[in-house]
Amino acid sequence: SIQDLFADARSFRYRPDGNSDRWQSADETESRHSGDCEDKAIWLFTRLINNGYFNVRLVIGRYRSVDSQLHVWVICSDNDGNTCLLDPSIQKRVWYLTAVDSGLYNPLYAFDGQNRYKYFNHSH
């Protein structure tokens, strides 16, 4: 389930890259059992797609609109068609996009495995 995959991604130890900012593959993150926000998000993104979930997107943006650093999370649709926001680096549970505070999770770009998207409305 989405919850189980999210729990697995959360269980990976958070380990920052330092200055290199190297993006690990899902398999690397799994074998190291650690990674930073994009590594954990890439692992989750890959596993959700492999398990047949819909509208899975890897999202790059700002956790808070005032943040200078970029952050990476995942969104996908659950079996009822609700959009879930999955951030295994910061959050302890799966959020529904409708319940997320408008000051948080400001997307800039997204990737669905084939296509890249750019968000123009930065208010949310």
Side-chain angles (χ1 to χ4, degrees):
S1 72
I2 292 174
Q3 259 76 15
D4 293 338
L5 290 167
F6 178 75
D8 289 346
R10 267 191 50 75
S11 75
F12 298 141
R13 197 171 72 253
Y14 183 85
R15 194 178 65 207
D17 285 335
N19 294 331
S20 67
D21 199 36
R22 197 173 87 59
W23 290 42
Q24 296 177 172
S25 71
D27 291 338
E28 278 182 282
T29 299
E30 190 162 308
S31 65
R32 293 177 174 171
H33 214 75
S34 67
D36 62 8
C37 70
E38 73 266 6
D39 301 326
K40 292 168 83 155
I42 288 167
W43 182 89
L44 187 55
F45 170 80
T46 304
R47 294 301 180 260
L48 286 163
I49 288 174
N50 291 349
N51 281 278
Y53 285 96
F54 296 100
N55 302 320
V56 183
R57 304 260 191 285
L58 188 69
V59 184
I60 301 168
R62 290 189 167 77
Y63 172 59
R64 293 178 310 228
S65 51
V66 297
D67 290 348
S68 59
Q69 281 194 308
L70 294 178
H71 185 55
V72 183
W73 62 93
V74 177
I75 59 171
C76 77
S77 296
D78 68 10
N79 294 332
D80 298 322
N82 301 305
T83 303
C84 301
L85 187 147
L86 309 163
D87 182 356
S89 295
I90 295 179
Q91 302 300 344
K92 291 180 171 51
R93 62 183 177 89
V94 172
W95 289 84
Y96 288 110
L97 204 55
T98 52
V100 174
D101 184 291
S102 63
L104 298 178
Y105 294 102
N106 297 277
L108 297 173
Y109 304 97
F111 177 65
D112 67 4
Q114 274 99 36
N115 302 297
R116 288 187 303 250
Y117 303 89
K118 182 173 172 47
Y119 290 86
F120 292 102
N121 178 2
H122 296 302
S123 63
H124 196 239

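Two residues are said to be in side-chain contact when any heavy atoms from C-beta on lie closer than 4.5 Å; L86 and F45 fail this criterion. With a 4.5 Å cut-off on side-chain heavy atoms, F6 and P88 count as touching. At least one side-chain heavy atom of L70 sits under 4.5 Å from a side-chain heavy atom of R62. Residues N79 and F54 are not in side-chain contact: their nearest non-hydrogen atoms beyond the backbone lie 4.5 Å or more apart. In this structure, the side chains of S11 and H33 come closer than 4.5 Å at one or more pairs of heavy atoms. Within the 4.5 Å cutoff, the side chain of R64 has heavy atoms near those of the L104 side chain. Looking at heavy atoms from C-beta onward, I75 lies out of side-chain contact with N55 at the 4.5 angstrom threshold. Side-chain contact between Y14 and S89: present, with at least one pair of heavy atoms (C-beta onward) separated by less than 4.5 Å.
Between D27 and R47, at least one side-chain N (NZ, or NE/NH1/NH2) sits under 4.0 Å from a carboxylate O, which counts as a salt bridge.
Screening L97, V94, L48 for a side-chain contact (heavy atoms from CB on, under 4.5 Å) involving C84 leaves a single residue, V94.
There is a path of hydrophobic side-chain contacts, each under 4.5 Å, that joins Y119 to L85. Residues Y96 and I2 fall into different hydrophobic clusters, defined by Ile, Leu, Val, Met, Phe, Trp and Tyr side chains chained together at heavy-atom separations under 4.5 Å.
The distance from atom CG of N50 to atom CG of L5, rounded to the nearest 0.5 Å, is 9.5 Å. With values rounded to the nearest 0.5 angstrom, D39 atom CG is found 7.5 Å from R22 atom CZ. Once rounded to the nearest 0.5 Å, the distance linking OH of Y63 with CD1 of I90 reads 5.0 Å. Taking CD of E30 as the reference point, atom OG1 of T46 lies at 10.0 Å (rounded to 0.5 Å). For the atom pair CD of Q24 and NZ of K40, the computed distance is 11.5 Å after rounding to the nearest 0.5 Å. The structure places CG of N106 at 9.0 Å from CG of D67, a figure rounded to the nearest 0.5 Å.
Panel note: side chain D78, backbone D80; a donor-acceptor pair is recorded below 3.5 Å. Under a 3.5 Å cut-off, the side chain of R10 and the backbone N or O of Q91 do form a donor-acceptor pair.
Using modelled atom types, one finds a donor on one side chain and an acceptor on the other under 3.5 Å when comparing Y105 with D87.
Between F111 and Y117, the distance separating the two ring centers is not shorter than 6.0 angstrom.
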